[in-house]
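Structure first, then comments.
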There are 2 protein chains.
Amino acid sequence: MTSSRDVAKAAGVSQATVSRVIQGHDNVRPETRDRVLQAMRATGFRPNAQARALRTNRSHNVAVVVGRILNPLYPALLEQLGAQLFAAGYRMTIWEAEVGGEEAAMDALSQSLVDGVILTTATKPTPAITDAIKANAPIVLINRTLKGLECQQVASDNYRGACSVAEHFASGGRKRPAVISGPKGPSTIEQREAGYLNKLADLDLRVPEQYRERVTAITHQTGVDAARRLLELPEPPDAVFCANDLIAFAAMSALKERNLTPGKEVWIAGYDDVEMASWPVFDLTTVRQPIGAIAREGTRLLLDQLNGSADVPRTTLLANNLIIRGTSHRRRNEKNKDA
Amino acid sequence: MTSSRDVAKAAGVSQATVSRVIQGHDNVRPETRDRVLQAMRATGFRPNAQARALRTNRSHNVAVVVGRILNPLYPALLEQLGAQLFAAGYRMTIWEAEVGGEEAAMDALSQSLVDGVILTTATKPTPAITDAIKANAPIVLINRTLKGLECQQVASDNYRGACSVAEHFASGGRKRPAVISGPKGPSTIEQREAGYLNKLADLDLRVPEQYRERVTAITHQTGVDAARRLLELPEPPDAVFCANDLIAFAAMSALKERNLTPGKEVWIAGYDDVEMASWPVFDLTTVRQPIGAIAREGTRLLLDQLNGSADVPRTTLLANNLIIRGTSHRRRNEKNKDA
DNA sequence: GTGAAAGCGCTAACAA
DNA sequence: TTGTTAGCGCTTTCAC
């Protein structure tokens, strides 16, 4: 490993000058700079990032904490986050919450391994989180929000997104709407459930207890089971809103078992608009989250904080879009009703 | 930020002793150790990982380079890799090859930012890769292999896996097998195609040119298009082997368009056995890759190299398993034929 | 415009 | 068992 000292020797300058060239300072005579660059190339020099990080107390590394990375929403989110951070000169390290990644990320923060943390799946304000935020550490919550936490939070408006599903069901003449919700905890799930049920109530559609299913873990199997329970009822629902697309796909499996066609006897709607939702086999009505915008805004807020230009902490909610596809169909003369 | 020096002062010992306690050396009197630990807690001390990394020249960080993270195979692979590395005391940074991540990861390696690199989607020996390997840098290729590269490589045996599909098709009485292959380059794709075609030839089943489709990018749409072209032929194939599960799902979409049932008129097989393949809606015959074993073996080889106990570079191929599901069905009396 | 010198927070000889 | 000391490779005053 050649160091800046070696380069200095080779170029016949001081090590400090090499450092200036590395950083692109303009107070170096062009001729000198060229000589140094030459020497760098000749020696195959690469500045040691650890040393720089130690000196500047900046690692240019951001930790992103995710939940089960197998949910296709997260890869999409990560891709966006990675691109945003990369563009800003940061690297992204990924930490899985399920295996203690959340605490580990906070640890990394206090060890100066990462400059900031983006939490995408925070479900409760653990001591690790609240302590760090109290210490004014650069932490941003995206996707899921947490009430009463004094930090920047960015999510999509899951409540209103779910409302739009309720309206869609109602305007489509659905009389027995049901819901398959997810685990208690994640704000996303809770708000979708609340938005859907409240809006339906506004529209004079009560959702009885037996039409309210809940999976405790988001897997295909649990989704299928929940949907089966609904379909086995004496009077099955004629529309099912699912906590997310994965559950909706599972519900479609359950319909298929009974030779029911989504969009005919039973309408189905999901949430997220993961890529698969648009595949012809699924053609799923769902609510699209502005993943790109969430990632962009979250990154921006974190970088602002790192640059000291932090705004006052607030929760930003971005608008969602109902995407109507084949699993729910409005009759033609109703098209104007819900403009 | 409190440093080890602060702790030393608080505990009334030298900074070196604090360092010993941090590292768990046993040549510290228990009483002294306790005093130091006490002081650590009191001051909220966290050792600075950058400083340690600079000193030891070990970052305990491994870069994993992936391709399009949206292919569900990669999240699964990453999850396994992350768990393995975490268990060994390493963190994982993820780099996307598509946005220059491969070069960037090599850069990070030469900057001592990461201790090693795991490439999951290497398609050709770029100068960055070959130079690094020539310099004996800790680099391991998994999933995709590269001929003639002097480093540890771990993959599943895609050639033989594809052979088993060919045998399955043949023993099921398929007469007009086709293939939808993927982009040229990735060893996985090429070997699947070769294994399938060669084995079919062995079995006296030639695959004519018009039965050999190829998508240039792995997306649902390109897969649908390729499958359509096959189905529009005067005499369409009665079995299609797809480069991976994503393409197979797309082929199923194309069948559905024409009201064909996968497993009846046309058999479909994929590759990877991503989670969705087992969903009732797909119920896809496919070849399961031993993702866990690949991750485990790849991690082991990298860590060996980091510990100086490196073996001679070789390419390890792990066995794959044909998973027969609903998109291909053998008649009962043929069940024994291909034991 | 350039160099000398101090030091980021830690590890690891070496001494005692 | 503990302390002293010398750096790891860089950035950043402060002189000149």
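Note on naming: letters A, B, ... go to the chains in the order of the sequence lines (proteins, then strands), and numbering restarts at 1 for each one. Only a predicted model underlies this, so the values are computations on that prediction, with no experimental measurement involved.
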key: Contact under 4.0 Å: B/Ser4 side-chain N or O vs C/dC10 OP1/OP2   = yes

ask   = On DNA chain D, nearest-nucleotide positions of A/Leu54 versus B/Val13: which is more 5'?
value = B/Val13

task = Please determine, by modelled atom types, if B/Gln15 and B/Ser4 share a side-chain donor-acceptor pair under 3.5 angstrom.
result = yes

task = Give the C-alpha distance, both sets of side-chain angles, the deciding distance and a yes or no for side chain to side chain contact (heavy atoms under 4.5 Å, CB included) between B/Gln152 and B/Asp311.
result = CA-CA 8 Å; B/Gln152 301 292 359; B/Asp311 231 343; 3.8 Å; yes

note = Result for side-chain contact (heavy atoms from CB on, under 4.5 Å) between A/Phe45 and one of A/Leu37, A/Thr2, A/Val36 points to A/Thr2

message = Can you tell me if B/Ser19 touches the phosphate of C/dT11, counting only side-chain N or O atoms and a distance under 4.0 Å to OP1 or OP2?
response = yes

note = Among C/dA12, C/dT2, C/dA4, the one nearest any side-chain atom of A/Ala16 is C/dA4

key: Short side-chain N/O contact to C/dG9 OP1/OP2 from B/Ser3, under 4.0 Å   = no

request  = Select from A/Arg55 and B/His25 the residue whose nearest nucleotide in DNA chain C is closer to the 5' end of that strand.
outcome  = A/Arg55

message = Quick check on DNA chain D: between A/Gln23 and B/Arg20, whose nearest nucleotide comes earlier from the 5' end?
response = B/Arg20

query = Taking atom P of D/dT2 as reference, at what distance in whole Å does atom CZ of B/Arg29 sit?
reply = 5 Å

ask   = Can any side-chain N or O of A/Glu150 pair as donor or acceptor with the backbone N or O of A/Lys134 at less than 3.5 Å?
value = no

remark   = From CG of B/Asn57 across to C1' of C/dG9 the rounded distance in Å is 16 Å

ask   = Within the side chain of A/Thr93, is there an N or O that forms a donor-acceptor pair under 3.5 Å with the backbone of A/Val62?
value = yes

task = For A/Arg35 and for B/Arg46, locate the closest nucleotide of DNA chain C by heavy-atom distance; then report the residue assigned to the nucleotide nearer the 5' terminus.
result = A/Arg35

query = Using a cut-off of less than 4.0 Å, is there contact between a side-chain N or O of B/Gln50 and OP1 or OP2 of C/dC8?
reply = no

key: Side chain of A/Gln15 (C-beta onward), nearest among C/dC14, C/dA5, C/dT11   = C/dA5

N or O in side chain of B/Thr32 less than 4.0 angstrom from D/dT2 OP1/OP2 = yes

request  = Give a yes/no on whether any side-chain N or O of A/Arg52 is located under 4.0 angstrom from OP1 or OP2 of D/dT11.
outcome  = yes

query = Which angle, to the nearest 10 degrees, lies between the helix axes at the two ends of the helix from C/dG1-D/dC16 to C/dA16-D/dT1, each defined by five pairs?
reply = 40°

message = Holding to side-chain contact (heavy atoms from CB on, under 4.5 Å), I want the full list of residues that pass it with A/Arg58, two or more places apart in sequence or in another chain.
response = A/Thr56, A/His60, A/Tyr90, A/Asp115, A/Leu306, A/Asn307

Shortest side-chain distance from A/Thr17, nucleotide among C/dG3, C/dG9, D/dT2 = C/dG3

